[in-house]
Amino acid sequence: NSRLNILRKVNNYDDIENKIMENQNKYPGNNIPDFEIPKLKAITLDCETYLTKEMDNSGNEIETFKLLSICFYDGIKSFKFYLTDFASINEMLDSCFDKIFTKYYSGYSIYIHNGARFDLVLLMNYLLNRKDISIDEVIYKDGKFILLSIVKIFKVIINGKEKTIRIKYHIKDSYLL
């Protein structure tokens with residue numbers, strides 16, 4: 001797996017993450033009463049892009065943003081997907097969303113950083129072209145996405161019969177809440 005030189009400069013980010021967690025476990029604070037934190041069914045998602053020049057159908061040079069990476073955090077673990085690890089942007093997105101669109105994350109809200117203005121706009125074409133999901137509900141405010149409800153369709157065998165299970169996910173903009 002090769003990564004871009006920019007990403008290499010971070011110098012073992014996962015090691016830094018582990019050290020932070022170790023320190024938090026060593027020094028949890030004093031006199032804090034025990035209580036259970038309710039599990040928030042939320043994922044945060046962010047995309048990184050790069051600017052490239054392409055030719056449009058008329059032969060004019062235009063600048064467009066292309067996805068460089070996508071990552072998400074489910075409150076416990078982070079998942080990172082870099083274009084350099086895949087043959088195409090769609091393969092990178094397939095890998096990311098195949099991890100999210102599972103029974104485990106059923107009913108989760110997916111908060112996309114700056115989704116209405118940028119990230120969700122980049123992802124919409126991909127999401128609309130996936131054959132295993134359908135758009136259930138869209139809420140706009142001032143021409144910007146606030147909520148996009150997606151239904152993922154699973155085919156399962158129960159007692160020897162194929163059944164269709166539908167699981168809903170809510171994609172929300174992190175800024176417009």
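Just so you know, residue 1 is the first one in the sequence shown, and it goes up from there. Remember, it's a predicted structure, so these values are computed and weren't measured experimentally.
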Counting C-beta onward and ignoring hydrogens, is there a side-chain heavy-atom pair between [X] and [Y] closer than 4.5 Å?
X	Y	result
Lys66	Ile89	yes
Met92	Leu67	yes
Thr49	Leu51	no
Thr52	Glu54	yes
Asp136	Ile150	no
Glu162	Val156	no

Item to complete: Check whether Val138 and Ile110 end up in the same hydrophobic cluster, where Ile, Leu, Val, Met, Phe, Trp and Tyr are linked by side-chain heavy atoms less than 4.5 Å apart.
Response: yes
query = Can Tyr104 be reached from Ile133 by stepping across I, L, V, M, F, W or Y side chains whose heavy atoms are under 4.5 Å apart?
reply = yes
Heavy-atom nearest pair, Ser106 first then Lys41, reads O-NZ, 3.0 Å
Between Lys80 and Cys71 the two heavy atoms that sit nearest each other are CA-CB, 4.0 Å
Can you tell me how far [atom2] of [Y] sits from [atom1] of [X], rounded to the nearest 0.5 angstrom?
X	Y	atom1	atom2	result
Thr64	Lys53	OG1	NZ	11.0 Å
His170	Ile139	NE2	CD1	10.0 Å
Ile43	Ile171	CD1	CD1	9.5 Å
Met55	Ile62	CE	CD1	10.0 Å
Leu93	Leu127	CG	CG	8.0 Å
Ile167	Ile165	CD1	CD1	6.5 Å

Practice problem: Taking the six-membered ring for Trp and the full ring for Phe, Tyr or His, determine whether the centres of Tyr169 and Phe101 are under 6.0 Å apart. | Solution: yes
Sequence neighbours excluded, the answer for salt bridge (charged side-chain N to carboxylate O under 4.0 Å, His left out) partners of Asp94 is none
- Lys155-Thr164 side chain donor-acceptor pair, cut-off 3.5 Å: yes
Report task. Look only at the side chain of Asn129 and the backbone of Asn125, and say whether a donor-acceptor pair between them is shorter than 3.5 Å. Result -> yes
Whether the side chain of Tyr73 engages the backbone of Gly75 through a donor-acceptor N/O pair (distance < 3.5 Å, no angle test) should be reported.
yes
Hits for side-chain contact (heavy atoms from CB on, under 4.5 Å) against Lys99, two or more places apart or cross-chain, chain-then-number order -> Phe72, Phe79, Phe81
Taken in chain and number order and not counting sequence neighbours, the residues that satisfy side-chain hydrogen bond (donor to acceptor under 3.5 Å, both in side chains) with Arg130 are Asp98, Tyr126, Asp132
With Leu123 as partner, the option from Leu45, Leu128, Leu148 fulfilling side chain to side chain contact (heavy atoms under 4.5 Å, CB included) is Leu45
